[in-house]
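Notes follow the structure.
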2 protein chains.
Amino acid sequence: MAKKKGYLSCLDSVKPVRDAIDVINGKWKLPIIISVTTGNERFTDIQESIPGITPKVLAKELKDLEQHKLIKRVVIDDYPVKILYRPEPYATTLTPIIEALKDWGLTHRKKIFEKE
Amino acid sequence: MAKKKGYLSCLDSVKPVRDAIDVINGKWKLPIIISVTTGNERFTDIQESIPGITPKVLAKELKDLEQHKLIKRVVIDDYPVKILYRPEPYATTLTPIIEALKDWGLTHRKKIFEKE
DNA sequence: TATTTCACTTTCCTTTAGGAAAGTACTATA
DNA sequence: TATAGTACTTTCCTAAAGGAAAGTGAAATA
């Protein structure tokens, strides 16, 4: 019983970890975050900055990222209207995690390919 | 050109980040890692410790985790042979990342559900 | 001899992520 | 009037993840 409880309380950390991973998971989330944070604002600019992405996927991922408050869709009411995508300051809270994942991923690749 | 180079060098971090995420991604990787590190060793014990997992998925994920050197498949040559799954010390290098993801995931959930 | 346990594998099916190509509604420009 | 740009949407398709259920082969137990 004590063992089972211990296991279940460990499982409690699975959900938030999954929540976090889901935000940056998928083929295009990180490239889009990077593109927007490096200054690309227009839909077509973002699209052209990421080779291979289709407008369908970009539209869907931008909505996702907006729901997660990482970017903001800004409508500029000129004639014609402009639509800009801008990074939210909140997006920077992801940076240390992405760095940690990057570092681990780099050493892991070495670990896997080192002589057995 | 400087801008494009900047973008491309940012993209260089996408691959290692993906490498890292792939290791812990999917529905069952974390529960299995947790189950093994908390002491479950036998296939059926691990299976029973994770509600809902099927033997097919467990077998596949255990192979994956072994390839990534996070766990070890140990064959004990008694009669009958026993097969044990044990965590590798290397698996602990994941802990700070999982903790960071958990913390970010928890605050993120609050952020998303706070009044707009 | 029959049943059970262990560690899986096999087959079939559904769901989800993502790609390719075309279309759309509006505006601007030649 | 015709073409081009902007920001998408729609439809159709494929591949991969994962689930359900049954099967397998060897050894242990009743």
Side-chain angles (χ1 to χ4, degrees), chain A residues 11 14-15 17-36 39-68 71-87, chain B residues 11 14-15 17-36 39-68 71-87:
Chain A
L11 272 190
V14 172
K15 243 191 88 169
V17 174
R18 285 237 50 83
D19 286 345
I21 289 177
D22 286 345
V23 172
I24 53 174
N25 203 14
K27 194 170 174 183
W28 302 110
K29 295 263 171 64
L30 280 176
I32 294 167
I33 291 170
I34 291 169
S35 178
V36 172
N40 291 306
E41 297 193 308
R42 310 294 302 271
F43 190 92
T44 38
D45 286 349
I46 300 167
Q47 191 184 332
E48 278 161 22
S49 76
I50 303 172
I53 199 169
T54 60
K56 176 190 141 186
V57 172
L58 179 56
K60 191 225 153 208
E61 298 290 52
L62 284 171
K63 275 174 200 158
D64 256 44
L65 261 15
E66 209 200 339
Q67 282 198 348
H68 284 295
I71 63 173
K72 195 165 199 158
R73 188 181 187 269
V74 183
V75 182
I76 307 281
D77 252 331
D78 277 353
Y79 296 97
V81 288
K82 267 187 196 175
I83 290 168
L84 302 181
Y85 293 93
R86 296 230 168 100
Chain B
L11 271 190
V14 172
K15 242 190 89 167
V17 174
R18 284 237 50 83
D19 286 346
I21 289 177
D22 286 345
V23 173
I24 52 173
N25 203 12
K27 195 170 171 181
W28 302 110
K29 295 264 171 61
L30 280 175
I32 293 167
I33 292 170
I34 292 169
S35 178
V36 173
N40 291 307
E41 298 192 308
R42 311 295 301 272
F43 189 91
T44 37
D45 285 348
I46 300 167
Q47 192 185 333
E48 279 162 22
S49 76
I50 303 171
I53 199 169
T54 61
K56 176 190 143 188
V57 172
L58 179 56
K60 191 225 153 210
E61 299 290 52
L62 284 171
K63 276 174 200 157
D64 254 45
L65 261 14
E66 207 199 342
Q67 281 198 350
H68 285 294
I71 63 174
K72 195 166 199 158
R73 186 180 188 270
V74 183
V75 182
I76 308 282
D77 252 333
D78 278 352
Y79 297 97
V81 289
K82 266 189 197 175
I83 291 168
L84 303 181
Y85 294 93
R86 296 229 168 101

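By convention in this document, chain letters (A, B, ...) are assigned in the order of the sequence lines, proteins followed by strands, and residues within each chain are numbered from 1.
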Next on the checklist: So A/K29, base contact, sugar-phosphate only, or nothing? Heavy-atom distance under 4.0 Å.
Outcome noted: nothing
Checklist entry - Just checking B/P55: base, sugar-phosphate only, or nothing, at a heavy-atom cut-off of under 4.0 Å? => result base
Item to check | Proximal nucleotide (of D/dT9, C/dA20, D/dA7) relative to the A/K63 side chain | outcome: D/dT9
Checklist entry - Are A/I32 and A/I53 side-chain neighbours, meaning at least one heavy-atom pair lies under 4.5 Å? => result yes
Next on the checklist: Let me spell it out: for each of A/I53 and B/V81, pick the nucleotide of DNA chain C with the closest heavy atom. Which residue's pick is nearer the 5' end?
Outcome noted: B/V81
Checklist entry - Is there a side-chain polar atom (N or O) of B/R42 under 4.0 Å from OP1 or OP2 of C/dC6? => result no
Item to check | Heavy-atom side-chain proximity of B/R18 to B/V14 below 4.5 angstrom | outcome: yes
Checklist entry - Does a side-chain N or O from B/K82 land closer than 4.0 Å to OP1 or OP2 of C/dA7, or not? => result no
Next on the checklist: Distance check needed: D/dT6 P versus A/I76 CD1, whole Å only.
Outcome noted: 16 Å
Checklist entry - Starting at CD of A/Q47 and ending at P of D/dA7, how long is that distance when rounded to a whole Å? => result 10 Å
Item to check | Minimum-distance pair of heavy atoms, taken over all atoms of A/I83 and A/R42 | outcome: O-NE, 3.5 Å
Checklist entry - Given atom CG of A/L62 and atom C1' of D/dT9, what is their separation to the nearest angstrom? => result 14 Å
Next on the checklist: So B/G52, base contact, sugar-phosphate only, or nothing? Heavy-atom distance under 4.0 Å.
Outcome noted: nothing
Item to check | 5'-most by nearest nucleotide on DNA chain D - A/K56 or A/T44 | outcome: A/T44
Next on the checklist: In this structure, how many angstroms lie between the P atom of D/dA15 and the NZ atom of A/K27, rounded?
Outcome noted: 13 Å
Next on the checklist: Nearest whole Å is fine: how far is C/dT9 C1' from B/I83 CD1?
Outcome noted: 13 Å
Item to check | Atom pair distance, as rounded to whole Å: CG in B/D77 and P in D/dA26 | outcome: 16 Å
Checklist entry - For D/dA17, does either OP1 or OP2 sit under 4.0 Å from a side-chain N or O belonging to B/W28? => result no
Item to check | OP1 or OP2 of C/dC6 under 4.0 Å from side-chain N/O of B/Y85 | outcome: no
Checklist entry - Rounding to a whole Å, what distance do you find between B/L58:CG and C/dC8:C1'? => result 9 Å
Checklist entry - Hey, does B/Y85 have a side-chain heavy atom less than 4.5 Å from the side chain of B/E41? => result no
Next on the checklist: Measuring from the side chain of B/P80 (C-beta onward, heavy atoms only), which nucleotide among D/dA27, D/dC8, D/dA20 has the closest atom?
Outcome noted: D/dA27
Item to check | Residue mapping more 5' on DNA chain C - nearest nucleotide basis, A/E61 or A/Y79 | outcome: A/E61
Checklist entry - Side chains of B/I50 and B/N40: closer than 4.5 Å at any heavy-atom pair? => result no
Checklist outcome for this item: Rounded to whole Å, the CD-C1' distance (B/E48 to C/dC6) equals 11 Å
Item to check | Nearest heavy-atom neighbours spanning A/K29 and A/V23 | outcome: CD-O, 3.3 Å
Item to check | Side-chain N,O (B/K60) to OP1/OP2 (C/dA7) below 4.0 Å | outcome: no
Checklist entry - What nucleotide among D/dA7, C/dA7, C/dT9 has an atom nearest to a side-chain atom of B/A59? => result C/dT9
